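See structure below.
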Amino acid sequence: MRTRRAALVGALAAVSMIAVSACGATADKEEAGSGGGSSKPATGLRLMVPNTPGSGYDLTARTVSQVMQDTKAASGTQVFNVPGASGTVGLQRLVNDKGNGKMAMQMGLGVVGASHSQKSKATLTDTTPIARLIEEAGAIVVPKDSPYKTIDDLVTAWKKNPKKLAVGGGSSPGGPDHLLPMQLAKAVGIKPTDVNFVSYDGGGELLPALLGNKIAFGASGFGEFLDQVEAGQVRVLAVSSEKPVEALKDAPTLKDSGIDLVFTNWRGIVAPPGITDEQKQTWIDALTKMHDSDDWKTQLEKNGWVDAFQTGDEFGSYLTEQDKAVADLLAELGLA
């Protein structure tokens with residue numbers, strides 16, 4: 001399912017190439033629960049989104065908050081945005097908030113890549129891993145008036161003049177929106193160094209650029225475009241998953257289009273360093289209760305997300321592997 005490099009990245013993105021929430025719970029054991037399975041909802045939690053409203057991280061965080069509220073896993077969780085430097089401004093803030101058990105950050109493969117490409121002083125290995133939540137396929141998207149009606153149309157034009165056709169993504173070099181077009185270019189015979197990639201800080205900035213025809217096409221998690229797809233503003237030419245996505249029934253996979261590439265992104269939640277075991281467990285308990293609910297299963301189906309739930313040390317080991325794989329790959333590409 002992967003080429004040699006894709007396999008390397010698959011080690012990093014859980015599937016193909018290159019590619020929670022938390023916040024410590026409450027300072028008071030009686031108020032938030034002790035991590036021993038208290039039925040009382042956690043309170044006073046704050047979940048940071050390290051890029052703009054409208055991004056995939058933003059959608060995931062707000063969905064998590066709502067489902068935790070609805071299932072009484074947590075009450076009144078505040079979701080807020082701290083954009084900048086492809087997620088590393090938020091990462092630095094999180095790491096600086098050492099010991100704050102009420103704070104956590106929505107993140108994923110994009111922040112892993114940015115922490116290296118942006119040469120961030122704060123790293124994800126400094127954080128407290130809470131949970132991995134989902135995986136999501138990438139999508140190749142064009143505005144409704146694009147001359148490219150199929151992925152074959154786009155690839156044909158792209159191969160003729162790769163530097164002329166700008167592709168936008170909601171992540172910096174090393175993030176999933178950057179890795180997807182780079183891997184796609186390689187799969188269709190275009191040198192990645194010839195790709196004209198334009199980086200945006202999340203889907204909230206990428207979408208206006210796409211709708212305004214500032215780029216020829218976009219590469220990002222398809223969930224960020226579902227509303228616009230339904231409204232007829234954009235068209236998905238292909239998805240990067242192994243199988244077709246239920247939410248995008250008319251969009252073929254890259255593989256079904258004759259392009260040998262499968263790619264998925266993932267998202268999870270980390271907390272600041274130095275929180276207590278009790279605070280960490282309160283988050284894990286709240287997220288586990290959310291994950292096990294029918295409401296969460298409904299959201300997975302609605303957004304086309306693949307369940308990839310891991311918590312605590314298991315997620316910590318995965319995050320360490322991802323961090324090393326991304327660092328090695330970016331070094332290979334000369335981007336870190």
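Computed from heavy atoms alone, side chains included, the values below leave out hydrogens, waters and symmetry copies. Here the structure is a predicted model, which means the values were calculated and not measured.
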Can Thr123 and Asp126 be said to form a side-chain hydrogen bond (donor to acceptor under 3.5 Å, both in side chains), step by step? CA-CA 5 Å; Thr123 69; Asp126 295 329; 3.2 Å; yes
Got Asp323 and His116 here, is their nearest side-chain heavy-atom distance under 4.5 Å? yes
Show the numbers, then the answer: is there a salt bridge (Lys or Arg N to Asp or Glu O under 4.0 Å) between Asp328 and Lys324? CA-CA 6 Å; Asp328 291 347; Lys324 184 179 186 306; 2.8 Å; yes
Side chains of Val245 and Val236, heavy atoms from C-beta outward: is any pair under 4.5 Å? no
Taking the side chain from Asp177 and the backbone from Gly169, do they hold a donor-acceptor pair closer than 3.5 Å? no
Once you round to the nearest 0.5 Å, how far does CG of Leu45 lie from OG1 of Thr43? 7.0 Å
If only atom types and distance count, is the side chain of Glu246 paired as donor or acceptor with the main-chain N or O of Gly304 below 3.5 Å? no
CD on Glu135 to OG on Ser241, rounded to 0.5 Å: 11.0 Å
Mind running side-chain hydrogen bond (donor to acceptor under 3.5 Å, both in side chains) on Gln281 and Asp285 for me, showing each step along the way? CA-CA 6 Å; Gln281 191 62 46; Asp285 287 347; 3.0 Å; yes
Might you point out which heavy atoms bring Ala85 and Gln118 nearest each other, and give the distance in Å? O-CG, 3.7 Å
Contact between Ile190 and Val155 at the side-chain level, heavy atoms closer than 4.5 Å - yes or no? no
If you take the centroid of each ring, where Trp contributes its six-membered ring, are Tyr318 and Trp266 closer together than 6.0 Å? yes
Joint hydrophobic cluster, Leu287 plus Phe315, side-chain heavy atoms closer than 4.5 Å: yes
Taking a hydrophobic cluster as the set of Ile, Leu, Val, Met, Phe, Trp and Tyr residues connected by side-chain heavy atoms closer than 4.5 Å, whether directly or through intermediates, do Val234 and Ile151 fall within one such cluster? no
Is it the case that the side chain of Lys149 and the backbone of Ser146 share a donor-acceptor pair, with hydrogens and angles ignored and the cut-off at 3.5 Å? yes
Flag the pair Lys280 and Asp313 as a salt bridge only when some basic side-chain nitrogen lies within less than 4.0 angstrom of an acidic carboxylate oxygen. yes
Can you name the closest pair of heavy atoms from Leu254 and Ala238 and give their distance? CD2-CB, 3.6 Å
Going through the checks in order, is the side chain to side chain contact (heavy atoms under 4.5 Å, CB included) test met by Asn303 and Ile134? CA-CA 11 Å; Asn303 292 292; Ile134 62 166; over 6 Å; no
Dump the intermediate steps for side chain to side chain contact (heavy atoms under 4.5 Å, CB included) on Thr264 and Val306, then the final yes or no. CA-CA 10 Å; Thr264 56; Val306 176; over 6 Å; no
Student check: side-chain heavy atoms of Met105 and Leu91 closer than 4.5 Å: yes
Atom pair OG/CD of Ser115 and Gln92 - distance to nearest 0.5 Å: 11.5 Å
Determine, step by step, whether Gln233 and Leu211 satisfy the side chain to side chain contact (heavy atoms under 4.5 Å, CB included) criterion, reporting the C-alpha distance in whole Å, the side-chain angles of both residues, the deciding distance to 0.1 Å, and the verdict. CA-CA 7 Å; Gln233 294 178 303; Leu211 296 177; 4.0 Å; yes
Could you give the distance from CD1 (Ile215) to CG (Asn196), rounded to the nearest 0.5 Å? 10.0 Å
Yes or no on side chain to side chain contact (heavy atoms under 4.5 Å, CB included) for Thr60 and Val49, after CA distance, side-chain angles and deciding distance? CA-CA 9 Å; Thr60 307; Val49 177; over 6 Å; no
Where is the tightest heavy-atom contact between Leu330 and Gly174, given as atom of each residue plus distance? CD2-CA, 3.5 Å
Please state whether the rings of Trp296 and Trp305 are parallel, tilted or perpendicular, taking 30° and 60° as the class boundaries. tilted
Where the side chain of Thr128 meets the backbone of Pro272, is there a donor-acceptor pair that is under 3.5 Å apart? yes
Any chain of hydrophobic side-chain contacts (each under 4.5 Å) joining Met107 to Met68? yes
Return the minimal non-hydrogen interatomic distance between Lys302 and Ala247, and the atom names on each side. O-CB, 4.3 Å
Do Leu154 and Leu165 make a side-chain contact, defined as non-hydrogen atoms from C-beta onward lying under 4.5 Å apart? yes
Given 3.5 Å as the limit, does a donor-acceptor pair link the side chain of Arg132 with the main chain of Glu314, or not? no
Between Thr127 and Val95, is there a side-chain heavy-atom distance shorter than 4.5 Å? yes
Quick check for you: to the nearest 0.5 Å, what is the distance between Thr63 atom OG1 and Gln66 atom CD? 8.5 Å
Check whether any side-chain heavy atom of Gln106 sits under 4.5 Å from a side-chain heavy atom of Leu133, and report yes or no. yes
Verify, without hydrogens or angle tests, whether Thr88 (side chain) and Ala114 (backbone) share a donor-acceptor contact under 3.5 angstrom. no
Under 3.5 Å: donor-acceptor pair, side chain of Thr320, backbone of Gly316: yes
Is it the case that the side chain of Ser65 and the backbone of Thr77 share a donor-acceptor pair, with hydrogens and angles ignored and the cut-off at 3.5 Å? yes
Lys163 and Asp194 have their tightest heavy-atom pair at CG-O, 3.2 Å
Run the side-chain hydrogen bond (donor to acceptor under 3.5 Å, both in side chains) check on Asp58 and Ser55 step by step: do they pass? CA-CA 5 Å; Asp58 190 67; Ser55 67; 5.3 Å; no
Answer yes or no: does atom CG of Asn161 have more than 12 heavy-atom neighbours from other residues, nucleotides or ligands under 6.0 Å? yes
Nearest 0.5 Å, please: how far is OG1 in Thr71 from NE2 in His291? 12.5 Å
Does NZ in Lys98 sit with more than 12 non-hydrogen atoms of other residues, nucleotides or ligands closer than 6.0 Å? no
Indicate if Leu59 and Phe309 have the same hydrophobic cluster label, given that clusters are the connected sets of ILVMFWY residues with side-chain heavy-atom separations under 4.5 angstrom. yes
Does a side-chain heavy-atom distance below 4.5 Å link Leu237 with Phe217? no
Following the transitive rule for hydrophobic clusters with a side-chain heavy-atom cut-off under 4.5 Å over Ile, Leu, Val, Met, Phe, Trp and Tyr, establish whether Leu226 and Ile140 coincide in one cluster. no
Compare every heavy atom of Tyr57 with every heavy atom of Gly110, then report the nearest pair and how far apart it is. N-OH, 3.2 Å
Is a side-chain donor or acceptor of Ser199 paired with a backbone partner of Ser171 at a separation under 3.5 angstrom? yes
N/O donor-acceptor pair under 3.5 Å between Asn51 side chain and Pro83 backbone: no
